[in-house]
Amino acid sequence: MLHFHNHNHCHIPLCRQQPMKFCMSSVFYFLVIITIFLPLIVADLNSDKQALLEFHAAVPHRRNLNWNSTNPICTTWVGITCAQDNSSVLALRLPGVGFIGRIPSNTLGKLGALKILSLRSNRFIGDLPSDITSLPSLQYLYLQHNNFTGDLPASFSLQLNVLDLSFNSFTGNISETIQNLTSLTRLNLQNNNLSGAIPNLNLTRLKQLNLSYNQLSGRIPSSLQRFPSSSFIGNSLLCGPPLQACSLSPSPSPSPTFSPPPPEFPKKQGSKKKLSLGVIIAIAVGGSVVLLLLALIILCCCLKKKDNGRSSVLKGKASGGGRSEKPKEEFGSGVQEPEKNKLVFFEGCSYNFDLEDLLRASAEVLGKGSYGTAYKAVLEESTTVVVKRLKEVVVGKKDFEQQMEIIGRVGQHPNVVPLRAYYYSKDEKLLVYDYIPGGSLSTLLHGDRGGGRSPLDWESRVKISLGIARGISHVHSMGGPKFTHGNIKSSNVLINQEHDGCISDLGLTPLMNVPATPSRSVGYRAPEVIETRGYNLW
Ligand SMILES: Nc1ncnc2c1ncn2[C@@H]1O[C@H](COP(=O)(O)OP(=O)(O)OP(=O)(O)O)[C@@H](O)[C@H]1O
């Protein structure tokens with residue numbers, strides 16, 4: 001790269017003839033190279049840092065990001081992921097941190113190695129600088145749920161894998177340049193003000209497309225007809241499969257072939273028949289009955305919807321496909337004051353999402369326990385957590401927070417599943433744990449009773465039991481004299497990557513209105529002694 005040998009000053013014969021001079025000139029060139037190129041090696045991170053500081057200074061925000069020029073960027077700055085050798089910033093994830101305002105160009109657009117940019121759920125306004133969308137290494141761009149305006153940028157990084165600009169106020173056409181994004185797997189532009197025709201996007205890797213709720217018009221290109229109608233609904237001027245067929249005659253005069261025939265009203269003049277009184281009464285009675293039935297059905301639907309309203313938290317995206325509802329509508333009173341009711345993260349937790357992100361995540365029910373329902377929630381790439389939705393919490397906010405503080409502190413042990421965050425409001429109490437992919441000891445022992453199941457060997461049982469014992473011992477030594485796990489059973493023992501047992505769900509009993517099991521709150525008793533409902537013997 002340096003092409004040192006091309007510089008005629010130090011070709012080999014000369015060096016042989018003048019060894020001393022050669023040495024001196026070598027040292028000189030070496031120093032020159034170091035002086036010139038060493039700063040270039042670290043320049044990447046420094047220039048990234050500078051660009052981030054400029055962005056930070058220019059855009060007001062609510063949450064403290066700890067972006068202090070004296071702190072190391074890769075380890076202390078919130079939302080930053082660096083390359084392994086700390087040479088550059090690879091990901092910037094700052095969803096829901098309360099940014100308000102425009103993104104100035106020449107700030108984030110200078111992060112030359114950036115692969116992931118997530119600025120979802122903030123309050124950005126104005127144009128999206130094109131230097132961001134065309135960042136050369138950018139693969140994932142999440143800018144949904146902001147208030148960007150102006151035309152969609154026309155230049156995009158050719159590496160883009162995911163482009164989500166949904167729920168903004170972008171105007172203008174969808175640029176044909178999107179056709180060049182051959183790596184694109186997900187394109188979400190729903191709920192903007194985009195207009196014009198959809199370009200023919202022959203993108204074979206594209207798996208998810210959402211252009212719904214814009215003002216797009218014309219025929220859906222054949223290359224996109226493989227997507228469901230939910231990808232296009234809410235664009236009244238759009239036609240062709242999978243939506244309704246296009247009218248062949250665009251002229252205002254209705255075409256006899258393709259326009260629906262006008263409704264046939266009885267002609268006053270032409271009709272000479274008069275209805276008898278009996279028929280009129282029958283129609284009136286029948287009509288009233290139908291109306292009454294309709295009213296009843298609507299009432300039932302409304303009541304059912306209201307009932308399901310609260311339990312729709314975290315279910316919203318589980319089915320995928322259609323237009324996603326705004327979480328505030330789903331969540332009801334629990335998020336009416338987002339400033340006050342926020343997720344509380346414990347110290348040392350590297351997660352960086354907020355309540356809205358959590359509610360928007362696709363979720364799957366893991367199971368319903370005595371304390372509530374556990375969901376597996378998949379946030380952005382590589383972030384999977386378990387959200388436990390507590391029911392029948394009987395203590396007030398202060399006691400709840402105190403107990404959380406103890407659980408958070410006690411959970412710092414390899415054999416305890418750590419509680420990462422919690423959320424408390426009048427109507428909603430959520431706990432966020434790491435997702436442990438190994439599943440529970442209960443499933444390991446009792447799950448899949450098909451013929452092919454081999455029982456858990458003794459070595460594993462001993463290892464898991466020792467892990468549980470270490471976890472419990474730690475809980476007792478750290479939690480103080482009154483703090484116990486309170487609900488030890490095999491579904492609350494999860495198997496970590498080292499095939500070790502980790503206890504979860506500790507310390508919840510004092511919060512709940514669980515059926516009276518007298519000895520639970522005062523200390524550990526074997527589950528088969530105190531458990532009044534079904535239990536698993538291991
Ligand atoms: N952090 C986690 N990672 C993976 N799976 C989990 C996690 N937490 C809970 N689970 C699993 O989710 C399911 C439901 O768990 P949950 O704790 O809600 O109910 P439970 O353990 O059956 O009863 P209880 O509410 O009395 O603890 C269980 O199968 C459990 O093993």
Side-chain angles (χ1 to χ4, degrees), residues 311 313-315 318 345-346 349 351 358 361-379 382-394 403-404 407-408 410-422 428-449 456 464 467-468 471-472 475 484-517 519-521 524-538:
S311 59
V313 176
L314 291 162
K315 285 185 191 168
F345 285 92
F346 289 104
C349 168
Y351 289 141
L358 205 57
S362 61
E364 153 196 341
V365 175
L366 284 173
K368 288 190 183 187
S370 42
Y371 299 154
T373 307
Y375 299 86
K376 174 183 170 189
V378 182
L379 289 118
S382 75
T383 306
T384 305
V385 292
V386 167
V387 181
K388 189 157 241 200
R389 190 164 183 233
L390 300 179
K391 56 173 190 190
E392 295 172 41
V393 170
V394 288
Q403 187 72 358
M404 289 298 117
I407 297 173
V410 168
Q412 311 292 320
H413 186 271
N415 295 106
V416 180
V417 178
L419 177 64
R420 295 301 189 187
Y422 69 87
E428 207 68 65
K429 283 95 190 159
L430 305 173
L431 307 182
V432 180
Y433 295 94
D434 284 350
Y435 173 67
I436 312 291
S440 72
L441 177 61
S442 168
T443 315
L444 214 58
L445 292 172
H446 312 291
D448 182 20
R449 293 192 174 271
L456 192 61
I464 292 167
I468 299 168
I472 293 173
V475 167
T484 59
H485 182 289
N487 195 12
I488 284 284
K489 58 182 178 175
S490 57
S491 69
N492 283 340
V493 173
L494 302 169
I495 311 302
N496 68 12
Q497 279 179 332
E498 289 77 42
H499 304 285
D500 212 350
C502 292
I503 53 175
S504 115
D505 270 9
L506 59 137
L508 302 183
T509 315
L511 307 172
M512 318 296 300
N513 184 16
V514 284
T517 47
S519 50
R520 256 192 176 165
S521 54
Y524 174 73
R525 298 268 294 275
E528 57 271 36
V529 178
I530 59 162
E531 185 61 75
T532 49
R533 43 175 212 122
Y535 53 83
N536 299 313
L537 285 173
W538 25 298

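Counting starts at 1 for both ligands and their atoms, following the listed order.
Residue contacts with ligand 1 for Ile436 involve both N, CA, C or O and side-chain atoms from C-beta outward (heavy atoms, distance under 4.0 Å). When non-hydrogen atoms are compared, ligand 1 lies under 4.0 Å from neither the backbone nor the side chain of Thr443.
Atoms of ligand 1 found under 4.0 Å from any heavy atom of Lys388, numbered from 1 in the order shown, are 16 (P), 17 (O), 18 (O), 25 (O), 27 (O). Below 4.0 Å from some heavy atom of Asn492 lie the following atoms of ligand 1, by number and element: 17 (O), 21 (O), 27 (O). Atoms of ligand 1 found under 4.0 Å from any heavy atom of Asn487, numbered from 1 in the order shown, are 24 (P), 26 (O), 27 (O). For ligand 1, the atoms closer than 4.0 angstrom to any heavy atom of Tyr435 are 3 (N), 4 (C). For ligand 1, the atoms sitting less than 4.0 Å from at least one non-hydrogen atom of Tyr371 are 25 (O), numbered in the order shown with element in parentheses. Within ligand 1, counting atoms from 1 as listed, the ones closer than 4.0 Å to a heavy atom of Ser440 are 31 (O). Atoms of ligand 1 lying under 4.0 Å from at least one heavy atom of Lys489, given by number and element, are 23 (O), 24 (P), 26 (O), 27 (O).
Relative to atom 12 (O) of ligand 1, the option among Val387, Val365, Leu366 with the closest non-hydrogen atom is Leu366. Ranked by closest heavy atom to atom 19 (O) of ligand 1, the top entry among Gly369, Gly372, Gly439, Pro418 is Gly369.
Not a single donor-acceptor pair under 3.5 Å links the side chain of Asn496 to the backbone N or O of Gly438.
With sequence neighbours left out, Tyr422 forms a ring-ring contact (aromatic ring centres under 6.0 Å, His included) with Phe346, Phe400. Ser440 meets the side-chain hydrogen bond (donor to acceptor under 3.5 Å, both in side chains) test with Thr443; sequence neighbours excluded.
Considering backbone and side-chain N/O atoms, Asp505 comes within less than 3.5 Å of an N/O atom of ligand 1. Among the atoms of Ser491, some N or O lies under 3.5 angstrom from an N or O of ligand 1.
Distances from ligand 1 to the non-hydrogen atoms of Lys376 include no value under 4.0 Å.
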